[in-house]
Amino acid sequence: RPAKLVLDTTNGTALAGAWRFGYADGIRLKPSPVIIVTDAAGNHVKDPLVLPPTVLLSYQHVPPGAHDEPSVTQKNALVAGTRYVFNDVPVRGLHDVSNTLHFTPIGTPSIEPLVVAHIETE
């Protein structure tokens, strides 16, 4: 039974540890976030009948041309089999502000969302 969203680290990368927001326009989150659904024991759930149709990413971002005026940015995942991929995520942040990414399953309220906090701006 699907229970929660987690970062897919099967490529050997600790994604959240590598992420940084930047001050300049055009900065993107690298590597791209990839989310999977696991059951309560941490096993990757692969049955498409029980997976959410999409996952939504929400976070504060300073749009190009704005000066220290963050707004909530939302982005739907690209579904790749049983993985949810977020390509081309702009991450312009503010000086001395820690950033948080909120990943929320859409259409399946029983699946626990994922929050990745304390992403620095460099």
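The figures here come from the full heavy-atom set of this structure, side chains too, leaving out hydrogens, waters and symmetry mates.
In this structure, P52 and I111 have side chains that are in contact, with non-hydrogen atoms separated by less than 4.5 Å. By the 4.5 Å heavy-atom criterion applied to side chains, V37 and T82 are not counted as neighbours.
With rounding to the nearest 0.5 angstrom, the CH2 atom of W19 is 6.0 Å from the CD1 atom of I119. Taking CD1 of I35 as the start and CG of L7 as the end, the distance is 4.5 Å to the nearest 0.5 Å. Rounded to the nearest 0.5 Å, atoms CG (L29) and CG (L101) are 6.0 Å apart. Within the model, atoms NE2 of H102 and CD of Q60 stand 8.5 Å from one another, a figure rounded to the nearest 0.5 Å. Here the CD1-CZ distance, from I27 to R92, works out to 10.0 Å after rounding to the nearest 0.5 Å. Expressed to the nearest 0.5 Å, how far OH of Y84 lies from CZ of F103 amounts to 13.5 Å.
E122 and R20 are joined by a salt bridge, as a carboxylate oxygen and a charged side-chain nitrogen come within less than 4.0 angstrom of each other. Taking the charged nitrogens against the carboxylate oxygens, R1 and D39 have no contact shorter than 4.0 Å, which rules out a salt bridge.
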Pair I36-L5, side chain to side chain contact (heavy atoms under 4.5 Å, CB included): steps then yes or no: CA-CA 6 Å; I36 60 171; L5 299 179; over 6 Å; no
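Grouped with I106 in one hydrophobic cluster are L56, the linkage being side-chain heavy-atom contacts under 4.5 Å among Ile, Leu, Val, Met, Phe, Trp and Tyr residues.
Listed by first and then second residue, the side chain to side chain donor-acceptor pair (under 3.5 Å) pairs that reach into residues 63-79 are S58-Q74, sequence neighbours excluded.
Across V116, N99, V89, a single residue satisfies side chain to side chain contact (heavy atoms under 4.5 Å, CB included) together with Y59, and that is V89.
For P64 against H61, the heavy-atom pair with the smallest separation is CD-NE2, 4.3 Å. Across every non-hydrogen atom of V85 and A80, the tightest pair is CG2-CB, 4.2 Å. Here the closest non-hydrogen pair linking G81 and V79 is O-CG1, 3.7 Å.
T38 meets the side chain to side chain donor-acceptor pair (under 3.5 Å) test with no other residue; sequence neighbours excluded.
Shown here is D96, whose CG atom has no more than 12 heavy atoms of other residues, nucleotides or ligands within 6.0 Å.
V97 and F21 fall into different hydrophobic clusters, where Ile, Leu, Val, Met, Phe, Trp and Tyr side chains are chained together by heavy-atom contacts under 4.5 Å. Clustering ILVMFWY residues whenever any of their side-chain heavy atoms sit less than 4.5 angstrom apart, transitively, puts V115 in a cluster other than the one holding V55. In the hydrophobic cluster analysis, where Ile, Leu, Val, Met, Phe, Trp and Tyr join through side-chain heavy atoms closer than 4.5 angstrom, L51 is grouped apart from V6. Following chains of ILVMFWY side-chain contacts shorter than 4.5 Å, one cannot reach V91 starting from V62, and the two form parts of different hydrophobic clusters.
T121 and H95 form no side-chain donor-acceptor contact under 3.5 Å, judged by distance and modelled atom types alone.
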